[in-house]
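Quick notes on the structure that follows.
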Amino acid sequence: MTEESAFEPLIIAFCCNWCSYAGADLAGTARIQYPANVVIVRVMCSGMVHSNMIIEALTKGADGVLVAG
Amino acid sequence: MPDEVTQKEAAPDPGAPRIGVFVCHCGANIAGFVDIEAIENHARALPNVAFTQRNLYTCSETGLREIKTAIAAQKLNRVVVASCSPRTHEPLFRSACREAGLNPFLFEFVNIRDQCSWVHMQQREGATRKAKELIQMGVARAALLEPQEDITVGVAGKALIIGGGISGITATMSIARRGFQVILVEREKELGGILKNVHKLYPTMGSAGDLIGKNIRAVQKMPRVQVLTSARLVEVSGFVGNYKVTIDSEGKRIEDTVGVIVVATGARLLTPEGLFQYNGRNIVTQGELELLLKQGRLDADSIVMIQCVGARVPGREYCSRVCCMTAIKNAILIREAQPETAVFVLYRDIQTYGTLYEEDYRRARELGVSFIRYNLSKPPVVSSDKVIVHDELLGEDVPIPFDLLALATPLIPQAGFDELSKALKVPVDENGFFLEAHAKLRPVDFATDGIFLCGCARWPSDIGESVSQALAAAARASIPLSQGHVKVEPIVSQVDQNRCIGCGLCETVCSYVGIHLTDTPKGKKAETIRASCKGCGTCGASCPQKAIRMSHFTDGQIEAQICALVGTDK
């Protein structure tokens with residue numbers, strides 16, 4: 001990107017306790033750097049993320065939702 | 001909402017939340033990359049927060065003491081720690097809460113190190129903002145937390161071992177020696193498994209027949225052990241401590257309840273149909289050569305062995321681990337018995353791990369065994385009485401005449417592994433070997449509680465390794481057996497049977513046998529099997545009636561987190 005965009009999306013990431021949440025921890029241990037506008041919500045399994053939850057996150061103001069599991 | 005939570009501990013009634021927030025510096029790990037003071041100030045202003053404190057290391061003795069002191073002095077009924085990761089430190093902080101008389105499930109973890117300060121090291125402003133947001137979310141969730149009680153279930157003092165090879169026999173004897181009943185199920189007519197066809201064992205060169213024979217006799221005489229041959233597991237249901245099993249043994253149906261199950265079904269050798277002119281006469285498998293040696297029928301002046309036949313090739317990528325040592329062992333035995341017999345080993349890589357095995361490799365070379373390296377791109381070409389191998393070091397094709405050609409084929413999963421995998425609801429990997437819960441942390445456990453794994457069913461392993469794994473699996477399986485009960489995390493599903501319409505979707509989607517339909521006066525209704533529920537919530541998400549609620553991860557708690565982040569209240 002040549003021109004810096006003013007838009008900073010807010011992303012909610014639902015992460016499974018057993019895999020992707022652990023992966024996010026591992027990214028920390030490895031000091032892998034990424035933008036600070038993604039916020040992780042820990043769930044016991046991506047299977048518990050009901051579609052209503054995703055819709056709710058988007059309607060309440062999140063710009064993006066990531067479900068990882 | 002029918003909440004079956006009981007409060008035996010001195011948990012304060014979750015009325016008006018009084019939340020204490022502890023922000024950890026983690027030395028410079030967190031404090032070095034965020035404005036930690038601003039974060040604490042932010043936390044202090046959040047709703048329901050009665051107390052905040054920063055600690056150099058919250059997990060230290062001092063930090064934990066400060067939490068306990070604050071719970072008492074500030075009458076806190078919720079605790080939030082913002083520090084590293086719940087995956088490592090949640091048990092520690094939970095027990096600190098318990099010691100201070102607070103139900104451990106009224107504790108909430110906020111990850112501001114692994115998932116914030118460490119991954120935004122060059123973004124002090126962004127990381128500080130994110131840490132504030134994460135704490136906001138944690139506090140909102142904490143306000144809605146409910147106390148939970150650990151669930152305990154009884155354990156039947158009996159084990160089922162599937163597979164009567166060296167692994168299964170070892171596990172059986174180990175568990176029986178501890179005083180528990182064991183049922184050993186073997187598919188074949190007799191016990192022994194693959195070892196029955198093995199000649200000598202590396203690196204000791206002891207007799208395989210003696211070893212397995214001794215073990216078979218011992219296990220058959222052992223008190224508390226029931227050996228069932230020509231038998232197979234037909235059906236299994238239940239959960240840790242209470243597996244109901246149906247076994248078919250020589251046409252007879254046997255039903256029993258066992259506390260734990262050990263899978264020791266082993267592996268079998270690949271038959272190399274269509275590879276290197278395999279014919280079972282002068283071109284045999286390494287396993288068949290082993291039998292010739294055992295029966296003293298080996299008669300050849302020139303023996304060529306080809307390694308990695310059908311292994312480490314596209315479609316079967318893994319290394320079978322035992323074939324190199326088997327070839328080296330047999331080469332040594334042949335050269336020692338008949339020094340005039342030439343032995344050639346055509347290999348791609350030699351896998352002689354550890355000091356003892358490397359010693360055997362050296363010994364084989366000292367005895368004049370020729371090791372010739374070939375490349376997968378130019379594999380040896382076999383005709384009826386000679387092999388032409390492209391020697392990588394010489395860069396030339398070398399013809400080697402043979403009387404006997406032995407093809408080292410890999411161990412592959414047993415036939416029927418998929419049925420067993422489905423019956424027990426345990427996973428297999430892409431090759432069909434059973435998959436343990438964690439390669440390093442839980443190598444002989446399945447992710448499903450009360451089911452364990454050892455030997456070649458898990459991965460090709462030699463006798464020593466199989467025996468070690470069997471002893472490990474037996475030790476792990478003995479934990480619930482000797483405790484007589486198991487404690488289960490109370491993060492489980494709760495069914496509102498008034499809303500449930502008995503459609504059974506939850507039972508279908510559950511991977512852990514954690515919920516099932518049961519007959520009630522009002523018809524079929526879902527019921528959580530709390531001992532085996534893993535709290536994954538898939539049932540809840542799939543329930544068309546919204547009749548299932550996940551304790552400790554309720555929709556309300558997760559929604560509160562989302563609202564706290566995006567700043568909109570419902």
Side-chain angles (χ1 to χ4, degrees), chain A, chain B residues 29 34 84-88 109-111 113-131 133-134 136-137 141 437-438 447 489 491 493 509-511 534-543 546 548 550 552-553 555 558-559 561-563 565-570:
Chain A
M1 253 198 293
T2 44
E3 206 178 299
E4 216 170 289
S5 165
F7 173 60
E8 271 219 16
L10 175 63
I11 297 164
I12 296 182
F14 292 100
C15 287
C16 161
N17 179 57
W18 310 105
C19 57
S20 46
Y21 191 90
D25 279 353
L26 191 61
T29 315
R31 308 297 195 278
I32 294 169
Q33 303 297 302
Y34 57 83
N37 43 5
V38 52
V39 173
I40 291 173
V41 175
R42 182 166 75 122
V43 289
M44 290 303 281
C45 172
S46 53
M48 73 161 48
V49 183
H50 193 279
S51 43
N52 285 356
M53 255 179 221
I54 299 169
I55 294 166
E56 183 165 312
L58 293 170
T59 50
K60 288 255 160 67
D63 300 301
V65 172
L66 172 76
V67 182
Chain B
N29 280 303
V34 296
C84 43
S85 170
R87 300 187 75 256
T88 53
F109 211 112
V110 178
N111 186 328
R113 187 189 74 179
D114 297 39
Q115 296 178 6
C116 187
S117 70
W118 274 356
V119 288
H120 313 306
M121 295 172 105
Q122 278 91 46
Q123 313 168 59
R124 191 178 172 84
E125 214 172 284
T128 304
R129 189 194 65 232
K130 177 171 165 179
E133 289 167 350
L134 287 167
Q136 254 160 254
M137 295 162 73
R141 180 174 144 80
H438 189 289
E489 271 241 321
I491 302 177
S493 61
V509 298
C510 179
S511 312
K534 295 280 176 192
C536 75
T538 310
C539 55
S542 65
C543 178
K546 285 207 150 272
I548 300 174
M550 299 312 302
H552 208 58
F553 282 88
D555 285 359
I558 296 174
E559 280 163 20
Q561 279 176 285
I562 297 170
C563 289
L565 173 66
V566 288
T568 325
D569 253 19
K570 260 195 143 178

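Quick caveat, the model's predicted, so the values are computed rather than measured. All chains are named by letter (A, B, ...) in the order of the sequence lines, taking the proteins before the strands, and each is independently numbered beginning at 1. FYI, side chains are in, hydrogens and waters are out, and symmetry mates aren't considered; it's all heavy atoms of this structure.
In terms of heavy-atom pairs under 4.5 Å with chain B, the best-connected choice from A:Ala22, A:Gly69, A:Ser46, A:Ala27 is A:Ala22. Of the listed residues (A:Leu26, A:Ile12, A:Ile40), the greatest number of heavy-atom pairs within a distance under 4.5 Å of chain B belongs to A:Ile40.
Neither the backbone nor the side chain of B:Glu125 comes within contact range of chain A; no heavy atom of the residue lies under 4.5 Å from a heavy atom of that chain. Of the atoms belonging to B:Gln561, it is side-chain heavy atoms, and not backbone ones, that fall under 4.5 Å from chain A. The contact between B:Met137 and chain A is made entirely by side chain atoms (from C-beta outward), counting heavy-atom distances below 4.5 Å. With a 4.5 Å cut-off on non-hydrogen atoms, B:Arg129 touches chain A through its side chain but not through its backbone. Neither the backbone nor the side chain of A:Ala30 comes within contact range of chain B; no heavy atom of the residue lies under 4.5 Å from a heavy atom of that chain. Residue A:Phe14 touches chain B through its side chain alone, counting heavy-atom pairs closer than 4.5 Å.
Closest approach of B:Lys130 to A:Ala36, counting heavy atoms only: CD-O, 3.4 Å. Looking at every heavy atom in both residues, A:Tyr34 comes nearest to B:Gln123 through O-NE2, 3.0 Å. Residues B:Trp118 and A:Thr29 share a closest heavy-atom pair of CE3-N, 3.8 Å. When all heavy atoms of B:Glu559 and A:Glu56 are compared, the closest pair comes out as CG-OE2, 2.9 Å. Heavy-atom minimum distance, A:Leu10 versus B:Val566: CD2-CG1, 3.8 Å. The two residues A:Asp25 and B:Arg87 make their nearest non-hydrogen contact at OD2-CD, 3.5 Å.
B:Cys536 places none of its side-chain heavy atoms less than 4.5 Å from the side chain of A:Trp18. When side chains are defined from C-beta on, A:Val43 does not count as touching B:Met550, because their heavy atoms never get closer than 4.5 Å. Contact of the B:Leu565 side chain with the A:Val41 side chain is not registered, since no non-hydrogen atoms from C-beta on lie closer than 4.5 Å. No side-chain heavy atom of B:Lys534 sits less than 4.5 Å from a side-chain heavy atom of A:Met44. Contact of the A:Met48 side chain with the B:Ile558 side chain is registered, since non-hydrogen atoms from C-beta on lie closer than 4.5 Å.
Distance check: B:Met121 CE to A:Ile32 CD1 gives 12.5 Å after rounding to the nearest 0.5 Å. The OG1 atom of B:Thr538 sits 12.0 Å away from atom NE2 of A:His50, with the distance rounded to the nearest 0.5 Å.
Looking at B:Glu133, its side chain never comes within 3.5 Å of a backbone N or O of A:Asn37 through a donor-acceptor pair.
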